[in-house]
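Everything below concerns the one structure shown next.
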Amino acid sequence: MDDFPFFIGKSSCLARHLTKDVYKRLCNLQTPNGFSFQQAIQCGVDHPDLLVGVLAGDEQSYETFSELFDAIIEDYHNGFKTSDKHTTDVDASKIIDGELDPKYILSSRIRTSRNIRGYCLAPFITRWDRRKLHELIVDALTCLSGEFQGRHFALRDLNQAVQKQLIDDHILFRPPVTGLFTSGGLARDFPDGRGIWFTEKKDFIVWINEEDHIRIIAMETGGNMKQLFGRFVRGLSEVELHFQGHSGTEFMWQDHLGYISASPSNLGTGLRCSVLIKLQHLGNDRRFREVCEKLRLEIRGTHGEHTESADGVYDISNRDRLGKSEVELVNSVIEGVRLLIKMETMLEKGLTIDELIP
């Protein structure tokens, strides 16, 4: 018990659910691959204000440390229980009223993550396996054609100026500097074994070995969400078809948790549907964050997680990933963002939004 982490006054999922009794039962456990419970909680111990506070080092982490992980999953994913099963639906025809006002929506994107069975996840993968995965993924991506034909760049081959431009254009992920990456083991060997692949139009992008083995992203200027989701689904299908057929491997998937991710926050669909939106009036309203929370929407800065808003522009996305289908999540973002825009237009006119507060 002298080794129990110090969480007084903290509110992360880890702080809420890692009791001394749970710690006593789990503290010396490790998965068959050798990933330890101490490694799983390290990011949340070093940075106790992180929302979740744990990472999985392999697919087996969710079973070996289930006593803690199940409680965190139920907490974070809106009551998703161990008896529940995940659902999936990528039928783009079911996207409802899918065009958002371009006066307020600067751009939109949909991304998801995939991890390859038989390899450890990013917090625990070896240098050699990360390099093998990089080659495997690139070989599969070179098979894409038509609207999804693109080019691959290894991060270690990109100079700083090119990297900065791609980051500023919201195409490339940032170097690992946050606690989740450094304490969680995600930053090891960076940029070795990492890469990016994108089409000529830069509207379909694949990140290789960032937080997960693969991050698949579709981008769009403006807010035509139905068109965006359609391209996302077509591209995702192409990637999955060529990767599994080319490599003979499969993605980590379970009926209960859906697609497996290094972070419990990205289980299920792994899908994040987001818009960059101008809310210069609503963003200054004291109820803004409360409204988004009630709508199950997440607020980030203009350069993603752990960044700040610039000039009244916010990154708004779905909070949920697990227990709802891809179509449900995109439709929930469309509905929620449309309400935010309605509030913004009323505030612009000096009107009250009291009756619109959910």
> Stepwise, does the salt bridge (charged side-chain N to carboxylate O under 4.0 Å, His left out) test hold for R25 with D21?
Replying inline: CA-CA 6 Å; R25 288 190 288 272; D21 286 340; 5.2 Å; no

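- What you find for S261 and N266 is that their closest heavy atoms are OG-CB, 3.4 Å.
- The two residues L322 and G268 have their closest heavy-atom pair at CD1-CA, 3.6 Å.
- To the nearest 0.5 Å, the span separating CZ on F80 from CG on L267 amounts to 9.0 Å.
- When atom types are taken as modelled, the side chain of R151 and the backbone of I196 share no donor-acceptor pair closer than 3.5 angstrom.
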>> Go through it in stages, so that I can follow the logic: the residues are V337 and M225, the test is side-chain contact (heavy atoms from CB on, under 4.5 Å), and I'd like the CA-CA distance, side-chain angles, deciding distance and then a yes or no.
In response: CA-CA 11 Å; V337 169; M225 305 303 288; over 6 Å; no

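- Looking at heavy atoms from C-beta onward, W197 lies in side-chain contact with T199 at the 4.5 angstrom threshold.
- Distance check, rounded to the nearest 0.5 Å: CG of N318 to CD of E298 gives 8.0 Å.
- At least one donor-acceptor pair under 3.5 Å links the side chain of N331 to the backbone N or O of I96.
- Between D315 and the choices R111, R300, R272, K278, the salt bridge (Lys or Arg N to Asp or Glu O under 4.0 Å) rule is met once, by R272.
- Taking 4.5 Å as the limit, some side-chain heavy atom of L121 sits within range of a side-chain heavy atom of M252.
- Taking 4.5 Å as the limit, some side-chain heavy atom of V333 sits within range of a side-chain heavy atom of C273.
- Nearest heavy-atom pair, S108 versus V275, reported as atom, atom and distance to 0.1 Å: CB-CG1, 3.9 Å.
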>> Walk me through whether R130 and R194 qualify under side-chain contact (heavy atoms from CB on, under 4.5 Å).
In response: CA-CA 8 Å; R130 191 190 298 112; R194 278 80 167 185; 3.6 Å; yes

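- Using modelled atom types, no side-chain atom of H47 and backbone atom of G53 make a donor-acceptor pair closer than 3.5 Å.
- Contact check for T64 versus P32: side-chain heavy atoms found under the 4.5 Å cut-off.
- Taking every heavy atom of both residues into account, L340 and C292 meet most closely at CD1-SG, 4.2 Å.
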> Between I334 and V330, is a side-chain contact (heavy atoms from CB on, under 4.5 Å) present by the stated rule, with each step listed?
Replying inline: CA-CA 6 Å; I334 293 170; V330 174; 4.0 Å; yes

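- A distance of 5.0 Å separates CG in L100 from CZ in R338, rounded to the nearest 0.5 Å.
- Residues D70 and Y62 fail the side-chain proximity criterion, which asks for heavy atoms closer than 4.5 Å.
- Nearest heavy atoms, H256 versus D84: ND1-O, 2.6 Å.
- Contact annotation: the side chain of L68 approaches that of L14 to within less than 4.5 Å [non-hydrogen atoms, C-beta and beyond].
- With rounding to the nearest 0.5 Å, the separation of CD in E67 from CZ in F37 is 9.0 Å.
- Each of E250, E240, E210, E211 was checked for a salt bridge (Lys or Arg N to Asp or Glu O under 4.0 Å) with R114, and the lone residue meeting it is E240.
- Remark: side-chain polar atoms of Q42 are not paired, donor with acceptor, to backbone N or O of S183 under 3.5 angstrom.
- No donor-acceptor pair under 3.5 Å is formed between the side chain of R127 and the backbone N or O of R188.
- No more than 12 heavy atoms of other residues, nucleotides or ligands lie within 6.0 Å of CD in E335, so this atom counts as exposed by the packing criterion.
- Using a 4.5 Å cut-off on side-chain heavy atoms (C-beta onward), H86 and W253 make contact.
- Transitive grouping of hydrophobic side chains (ILVMFWY, heavy atoms separated by less than 4.5 Å) brings L297 and L356 into a common cluster.
- There is a side-chain donor-acceptor pair under 3.5 Å between S93 and D91.
- Ring-centre distance between F7 and H17: not below the 6.0 Å cut-off.
- The distance from atom CZ of F65 to atom OG of S36, rounded to the nearest 0.5 Å, is 6.5 Å.
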> Step by step, would you call K201 with E147 a side-chain contact (heavy atoms from CB on, under 4.5 Å)?
Replying inline: CA-CA 9 Å; K201 292 182 178 180; E147 64 178 314; over 6 Å; no

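- Each of V327, I110, T88 was checked for a side-chain contact (heavy atoms from CB on, under 4.5 Å) with L271, and the lone residue meeting it is I110.
- Residue D203 holds its CG atom at 12.0 Å from CD1 of I217, rounded to the nearest 0.5 Å.
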> Should R231 and E220 be marked as a salt bridge (charged side-chain N to carboxylate O under 4.0 Å, His left out) after you check the CA-CA gap, both sets of side-chain angles, and the distance that decides it?
Replying inline: CA-CA 10 Å; R231 185 169 64 256; E220 180 94 5; 3.0 Å; yes

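- For L18 against I41, the heavy-atom pair with the smallest separation is CD2-CD1, 4.1 Å.
- A donor-acceptor pair under 3.5 Å is absent between the side-chain atoms of D89 and the main chain of S325, judged by distance alone.
- Every ring-ring contact (aromatic ring centres under 6.0 Å, His included) that F4 has, sequence neighbours left out, goes to Y23.
- Between N115 and F251, every side-chain heavy-atom pair lies at or beyond the 4.5 Å cut-off.
- Of the possible polar contacts, one joining the D212 side chain to the A262 backbone as a donor-acceptor pair under 3.5 Å is found.
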> Between K294 and E290, is a salt bridge (charged side-chain N to carboxylate O under 4.0 Å, His left out) present by the stated rule, with each step listed?
Replying inline: CA-CA 6 Å; K294 289 180 177 178; E290 179 186 349; 3.1 Å; yes

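- If you chain together hydrophobic residues whose side chains sit under 4.5 Å apart, I357 and L279 fall into the same group.
- T345 places a side-chain N or O within donor-acceptor distance of the main-chain N or O of K342, the cut-off being under 3.5 Å.
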>> For R287 and D285: C-alpha separation, side-chain torsions, deciding distance, then whether salt bridge (charged side-chain N to carboxylate O under 4.0 Å, His left out) applies.
In response: CA-CA 5 Å; R287 297 165 291 183; D285 191 290; 3.0 Å; yes

Distance-only check: which donor-acceptor pairs under 3.5 Å involve side-chain atoms of residues 152-159, not counting sequence neighbours?
{"residue": "H152", "atom": "NE2", "partner": "H134", "partner atom": "NE2", "Å": "2.8"}
{"residue": "N159", "atom": "OD1", "partner": "A161", "partner atom": "N", "Å": "3.1"}
{"residue": "N159", "atom": "OD1", "partner": "V162", "partner atom": "N", "Å": "2.8"}

